[in-house]
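To keep things clear, I will list the structure first and then write my remarks on it.
Side chains are part of it too, since the values below use all heavy atoms of this structure and drop only hydrogens, waters and symmetry mates. Small disclaimer: the values here were computed from a predicted structure and weren't measured. Below, chain A is the first sequence line, B the second, and so on; all start at residue 1.
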2 protein chains.
Amino acid sequence: MLTMERKALILDRLQKEQRIVAKDLSQQLGLSEDTIRRDLRELAGEGLLQRVHGGALPASKALADLPSRRKISAEDKTAIAKAAAAMARNGQVIFLDGGTSTVAVARAISMQLHATVVTHSPDIAVALLEHPNIEIELIGGRIYKHSNVAVGAAASEGISHIRADIFFMGVTGVHPDYGLTTGDREEAAIKRAISRQSAETIVLASKEKLGAVSAYDIVGVDEIDGLIVEKSCSNDLLKPYQTRGISITRAHA
Amino acid sequence: MLTMERKALILDRLQKEQRIVAKDLSQQLGLSEDTIRRDLRELAGEGLLQRVHGGALPASKALADLPSRRKISAEDKTAIAKAAAAMARNGQVIFLDGGTSTVAVARAISMQLHATVVTHSPDIAVALLEHPNIEIELIGGRIYKHSNVAVGAAASEGISHIRADIFFMGVTGVHPDYGLTTGDREEAAIKRAISRQSAETIVLASKEKLGAVSAYDIVGVDEIDGLIVEKSCSNDLLKPYQTRGISITRAHA
DNA sequence: GAATGTTGTGCAATATCGTGCAGTAACTTG
DNA sequence: CAAGTTACTGCACGATATTGCACAACATTC
């Protein structure tokens with residue numbers, strides 16, 4: 001196993017799991033703890049992670065990482081969320097994906113809207129409790145803790161019994177050639193299943209997602225119907241999608 | 001468990017619960033009280049919290065003067081929750097009902113416990129996210145907003161595919177003759193279904209529930225296996241259940 | 001003021017860390 | 001092809017950090 005590979009893998013895991021234990025890593029990779037520690041030391045030297053006794057934590061600020069990331073693009077995110085929420089019509093069945101972007105959509109949904117929201121995210125279900133006219137349908141399954149959504153066979157089964165009018169999907173990568181991608185295999189499978197059960201699929205794409213590619217593909221760009229981006233998005237980035245008949249919505253704050 | 005993680009978790013809980021007790025924390029995290037106290041001391045040194053005899057309070061505000069009434073009823077509830085959480089064993093499949101009592105159980109579950117928790121409550125699922133060794137299985141269905149649990153045909157279907165070792169049930173009425181009752185028809189049906197799929201059914205009964213009767217019956221007293229009550233419960237109230245072979249657990253704060 | 005529970009400190013056991021050293025493999029150089 | 005160079009990895013050992021226990025001091029309650 002190459003050094004570079006190891007380091008990449010360490011950083012990858014660190015991002016997903018928020019913590020790394022030197023001993024565990026050495027066992028799982030079949031290497032001595034010394035090697036792992038050396039890697040950690042070097043990565044810490046490059047400022048890519050923060051060492052603590054027993055392992056390592058993400059670079060920026062331990063667990064403060066998530067809140068800060070939320071704040072940074074909070075304005076754009078709520079703008080996108082509002083634009084998505086505005087697409088919903090009375091009487092529709094709306095499928096809401098899991099993730100911070102879609103929780104924002106849930107919050108942005110009008111108290112006046114009479115509709116059914118289907119979701120496999122407990123967070124979304126909780127966020128929608130206070131909406132008096134929204135019927136909530138929760139998809140069950142094994143909870144995938146990294147992103148807090150239901151996955152697995154039970155979730156797929158639940159999805160297969162529902163047909164939605166519109167699906168608001170969060171992704172980590174949107175690319176003209178490679179399509180929609182995300183960083184986890186199970187999540188990709190679930191998103192694909194939902195998209196197939198929905199008449200329309202709308203993708204929420206904050207700036208950094210456009211042109212990005214993640215490990216697991218969900219569906220091709222031809223299978224989605226709309227893209228919601230922030231206002232400051234360049235036309236060049238969006239052309240490949242427009243020419244394929246995908247409706248673009250620019251979210252104005 | 002890493003030191004930094006512990007501290008982050010302590011601060012996190014402090015923000016949520018406004019008050020933490022060193023003893024409880026040590027039990028849930030599976031560490032000695034000394035370690036917790038050391039952490040509290042260090043965090044207090046950094047001005048991140050304020051120590052008091054028995055535990056700690058958030059740093060800045062004068063939240064110490066919260067209504068004492070709220071604390072008292074909360075104490076009994078957490079006592080019951082702790083007693084319930086202590087019943088769980090490694091490797092078990094545990095069904096957790098929805099409701100404030102059972103969310104407290106979720107929070108009281110030890111970080112050391114390796115088990116699967118099945119629930120039809122999004123709140124429980126979210127509460128258990130931080131437990132590293134708990135596998136969460138969420139039951140889907142239409143969300144009944146009054147109590148925030150999944151109900152209906154989809155929920156029944158999901159429950160029918162799972163067998164649990166132990167079921168912690170919340171109710172609104174426990175009566176020797178009328179059995180276990182609750183105020184909603186759909187919830188009663190779900191609780192009954194879960195009870196049938198579980199080897200043991202344990203009922204969480206705060207003081208005001210004993211002897212009370214609500215509109216819809218769940219199961220008779222003969223179909224439950226255990227009752228957890230607070231310490232100040234009179235023996236007379238409990239006799240009818242003991243004579244029927246139901247194990248009584250008195251929760252001591 | 002006695003009983004109980006909580007706290008601080010010294011101490012020992014354990015786990016983790018950093019460094020020096022040696023062996024191996026891939027690559028370079030003459 | 002042989003020798004040297006470099007990078008990588010694992011082992012050993014002393015240094016440091018963390019944790020749990022014991023006991024005395026202190027606070028709280030009745």
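Rounding to whole angstrom units, CG of residue A/Leu29 and P of D/dC8 are separated by 16 Å. As rounded to whole Å, 17 Å separates atom C1' of D/dG20 from atom CG of B/Leu25. Atom CZ in A/Arg38 sits about 8 Å away from atom C1' in D/dG10, given to the nearest Å. Between the CG atom of A/Asp34 and the P atom of C/dT24 there is a distance of 18 Å, rounded to whole Å. Summarising the geometry, the separation between CG on B/Asp39 and C1' on C/dT7 is reported as 15 Å, rounded to the nearest angstrom. Rounded to a whole Å, the CD1 atom of A/Ile20 is 13 Å from the P atom of C/dC17. C/dG8 atom P lies 14 Å from atom CD1 of B/Ile36, rounded to whole Å. Regarding A/Glu5, its CD atom lies at a distance of 13 Å from the P atom of D/dC8, rounded to whole Å.
For D/dT9, the OP1/OP2 oxygens have a side-chain nitrogen or oxygen of A/Arg6 closer than 4.0 Å. For B/Thr35 and D/dG20, the shortest distance from a side-chain N or O to OP1 or OP2 is below 4.0 Å.
At distances below 3.5 Å, not a single donor-acceptor pair connects side-chain atoms of B/Ser198 with backbone N or O atoms of B/Thr201.
A/Glu187 and A/Ser147 share a donor-acceptor pair across their side chains, judged by distance under 3.5 Å alone.
Each end of the helix from C/dG1-D/dC30 to C/dG30-D/dC1 gets its own axis from five base pairs, and the two axes differ in direction by 30°, given to 10 degrees.
You'll find that the side chain of B/Ala22 is closest to C/dT7, out of C/dT7, D/dA12, D/dC8. In this structure, the nucleotide among D/dG10, D/dG20, D/dT18 sitting nearest to the side chain of B/Thr3 is D/dT18.
Here A/Arg192 contributes atom CZ and A/Ser156 contributes atom OG; the two are 10.0 Å apart, rounded to the nearest 0.5 Å.
Classified by interplanar angle (parallel below 30°, tilted 30° to 60°, perpendicular above 60°), the ring pair A/Tyr144/A/His146 is perpendicular.
A/Leu138 has its side chain within reach of A/Thr119: a pair of non-hydrogen atoms, C-beta onward, lies under 4.5 Å apart.
When the side-chain hydrogen bond (donor to acceptor under 3.5 Å, both in side chains) test is applied to A/Arg142, the partners found at least two apart in sequence or on another chain are A/Glu186. Partners of A/Asp39 by side-chain hydrogen bond (donor to acceptor under 3.5 Å, both in side chains), not counting sequence neighbours, listed by chain and number: A/Arg6.
Among residue pairs with one or both ends in residues 84-111 of chain B, those qualifying as salt bridge (charged side-chain N to carboxylate O under 4.0 Å, His left out) are B/Glu17-B/Arg107, B/Asp97-B/Lys191; sequence neighbours excluded. Residue pairs that meet the salt bridge (charged side-chain N to carboxylate O under 4.0 Å, His left out) test with at least one member in residues 239-248 of chain B, sequence neighbours left out, are B/Asp222-B/Arg244.
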Might you list the N or O atoms of the protein lying below 3.5 Å from N or O atoms in nucleotides 4-6 of chain C, with each pair's distance?
unit_1	atom_1	unit_2	atom_2	d
C/dT6	O4'	B/His53	NE2	3.1
C/dT6	O3'	B/Gly54	N	3.1

